[in-house]
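Data block below; observations after.
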Number of protein chains: 2
Amino acid sequence: MRKWTISDLAREANVSKTTVSRVLNGRPDVDAETSARLLALIEDVGYVRSARAVQLAKGRANVVGLLAPFDTSPWMIEVLRAAMERVQATHFSLVLHSFPHSPAEMARFADQLNNGSMDALMVVSLQQEVPAIAKAAADGLPVVMLNDYGFNAGLADIIPDEAVGIAEAVAHLVAVGRRRFAIIAGTPDFPISATRLDAYRQAIRKHGLELDEQLVIEAPFTAPAAQAATLALVDRGVGFDALFASSDAMAVGAMRALKQRGLAIPDDVSVVGFDDFASAEFTEPRLTTVHNPLYEMSARAMAQLLDGVKANKPIEKSEEVIGTHLIVRDSSVPSRNGAGGRG
Amino acid sequence: MRKWTISDLAREANVSKTTVSRVLNGRPDVDAETSARLLALIEDVGYVRSARAVQLAKGRANVVGLLAPFDTSPWMIEVLRAAMERVQATHFSLVLHSFPHSPAEMARFADQLNNGSMDALMVVSLQQEVPAIAKAAADGLPVVMLNDYGFNAGLADIIPDEAVGIAEAVAHLVAVGRRRFAIIAGTPDFPISATRLDAYRQAIRKHGLELDEQLVIEAPFTAPAAQAATLALVDRGVGFDALFASSDAMAVGAMRALKQRGLAIPDDVSVVGFDDFASAEFTEPRLTTVHNPLYEMSARAMAQLLDGVKANKPIEKSEEVIGTHLIVRDSSVPSRNGAGGRG
DNA sequence: CTGTTAGCGCTTTCAG
DNA sequence: CTGAAAGCGCTAACAG
């Protein structure tokens, strides 16, 4: 016999398909002897339930979709790790979807949203309005966004509380004696650029200091761009002893520029980044940075989604915030320690 | 009407389900007018085919599974990128599976292998025998391994040709004037440790030189371990001017150690790594390294798998090799350039 | 505790 | 060019 089905088992054991199904699903209302006999047979012939048939009959696929920018982002691995761990503890599967680039891809994705191939959806850093998603959510699909920053109104969104970690960073810088704060801010096309800049400015104020606007410079979120910007910043001639780069990649560029100008890190300038990607361990010196809680956010999103599926109800609009915190490494603590220092 | 089905469409349009199905599948043998009318209706009511029903009827899920170590490996993103790109060009989906850690997880995975939830499987860096996979493959499931190094006999495996890139690296080191070669080798529990060490040794021989066994030291594949090993190596007092670290992470540790001992990179010692992960751009100096062709390997594997599914036949045992090459950055070319140099 | 009878929504011979 | 009928393999009332 090629592949056993529930009917084969039923015939072989002289019971009905229903009974077999009950045993398969561990229902209590089956005679112990019958159950044991069936289980033995199942084991014996190596029967395994057809996932497809179950899905059709149950009207559910036990699949959560993950829509994310796999093409670019190295930090996606953090999101994946968390999602996988949560999913693996259940009977769900995780299926990946890249952002649809062409209209054709968008159409296919919209179909997937509605053809029952997923029971829930997690969307990472979309940051653009996609009506098909909102519609699916309105039709009852549990959807949680990560880092959407309000682009898709009405959907649940989970974002990091960047200000907390940045405030920690500033407090740390003050504690090690820094007073002249500079920042490589991101470009205005990303919402996070302003968020991080504002948080930095506010945090500095809380310490009775002021962010000198001459020490603010914008750059794209890449190492080379930040390097150029930092060079320009140093060349303005306005001294600074603390530099916050709006991302780890930018921090790398900034550190290169500082070294180029003969400034020692951290002795002349303390550098702090944002993200805490794996690479932060590999910079020289190792980078002090604000941990971006992608893992935690993803875990949280997945928990909400799985709950949503189980409860069989959509997820309400909400904006959940996950705290960030500073990871102190070697790029920020000068050896000759200033004011509040402990050196 | 809540959710349109093929029957609803048939009734509404006064045709049979069969005809609707034909139109849905773009079969040519349908009256043009009927077809147009149906298409209009479909568009009109926003009908979308149930993926689950199609899958059950067709006996195929159009899913390729990806079994991989998501918990640890940052380079997985490369594998994912390639796999997603290939998959997105088709009507397949990619579903993720983490390595089963407990027997229970293994049992669940083995079930998935046989319950029709995937039509093909790609396995990354498993490097341990998993009979369930071999069995599924024998039963007709297309399976391709990446970096399995023969642990699962009888299955198709794709591996990098590390020797090519390492030979390039050695040639490069010779060209910039290096003659005293050292290596931080991996520990023997990983097959790649010996592969890389041997390739290095052979390459050096091809240049009429010899790898001094005093300049070989083993360490786990991490930065701290490599740092300690490098310190020990330097302290042996046997001079060297070129150091090959068996991974990028190890190279980072090695560079730290060299700096600790007052050695300049690349002027005193040229450092070359292996992997070319994103972090290689972030080291100081930027790391010259052998590119690990994970992306290419994954793309190749996916192509084979999709072919296998389309042709509806298993994939034969094979060992495909993908070339590697050297990426020259700043850690290897000394400013005062030696022998074959071009400075 | 167990079986009967309908589906789940689509595909596919086989006739016409 | 079109339709009837029989599945795909399992679940789920509803009776007993």
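Throughout, a chain's letter reflects where its sequence line sits, starting with A, and its residues are numbered from 1.
Not counting sequence neighbours, the partners of A:Glu320 by the side-chain hydrogen bond (donor to acceptor under 3.5 Å, both in side chains) test are A:Arg300. For B:Asp119, the side-chain hydrogen bond (donor to acceptor under 3.5 Å, both in side chains) criterion is met by no residue, not counting sequence neighbours. Remark: B:Asn14 pairs with no residue by the side-chain hydrogen bond (donor to acceptor under 3.5 Å, both in side chains) rule, at least two apart or across chains. Residues passing the salt bridge (Lys or Arg N to Asp or Glu O under 4.0 Å) test with A:Lys135 are A:Asp139, sequence neighbours excluded. Residues satisfying the side-chain hydrogen bond (donor to acceptor under 3.5 Å, both in side chains) criterion with A:Lys317, sequence neighbours excluded, are absent altogether. Applying the ring pair (Phe, Tyr, Trp, His ring centres under 6.0 Å) rule to B:Phe190 yields the partners B:Phe221; only residues at least two apart in sequence or on another chain are considered.
Annotation: ring pair (Phe, Tyr, Trp, His ring centres under 6.0 Å) contacts involving residues 107-134 of chain B, sequence neighbours excluded, comprise B:His97-B:Phe109. Listed by first and then second residue, the ring pair (Phe, Tyr, Trp, His ring centres under 6.0 Å) pairs involving residues 37-73 of chain B amount to none (not counting sequence neighbours).
No side-chain donor from either of B:Tyr149 and B:Glu319 sits under 3.5 Å from a side-chain acceptor of the other.
In the helix from C:dC1-D:dG16 to C:dG16-D:dC1, the end axes, each obtained as the rotation axis mapping the C1' atoms of four pairs onto the next four within a five-pair block, lie 30° apart to the nearest 10 degrees.
Residue-level contact check: A:Asp29 touches the bases, meaning some heavy atom is under 4.0 Å from a base atom.
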Worksheet item: When you check every protein heavy atom under 4.0 Å of nucleotides 5-16 of chain C, what one-letter string (B, S, -) results, 5' to 3'?
Response: ---BBBBB----
Can you give each donor-acceptor pair under 3.5 Å made by side-chain atoms of residues 34-46 of chain A, sequence neighbours left out, with the distance rounded to 0.1 Å?
| from | atom 1 | to | atom 2 | distance (Å) |
| --- | --- | --- | --- | --- |
| A:Thr34 | OG1 | A:Asp31 | OD2 | 3.2 |
| A:Arg37 | NE | A:Glu33 | OE2 | 3.3 |
| A:Arg37 | NH1 | A:Ala13 | O | 2.9 |

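Counting 5' to 3', DNA chain D first comes under 4.0 angstrom of a heavy atom of chain A and last does so at the ends given by D:dG9 to D:dA13.
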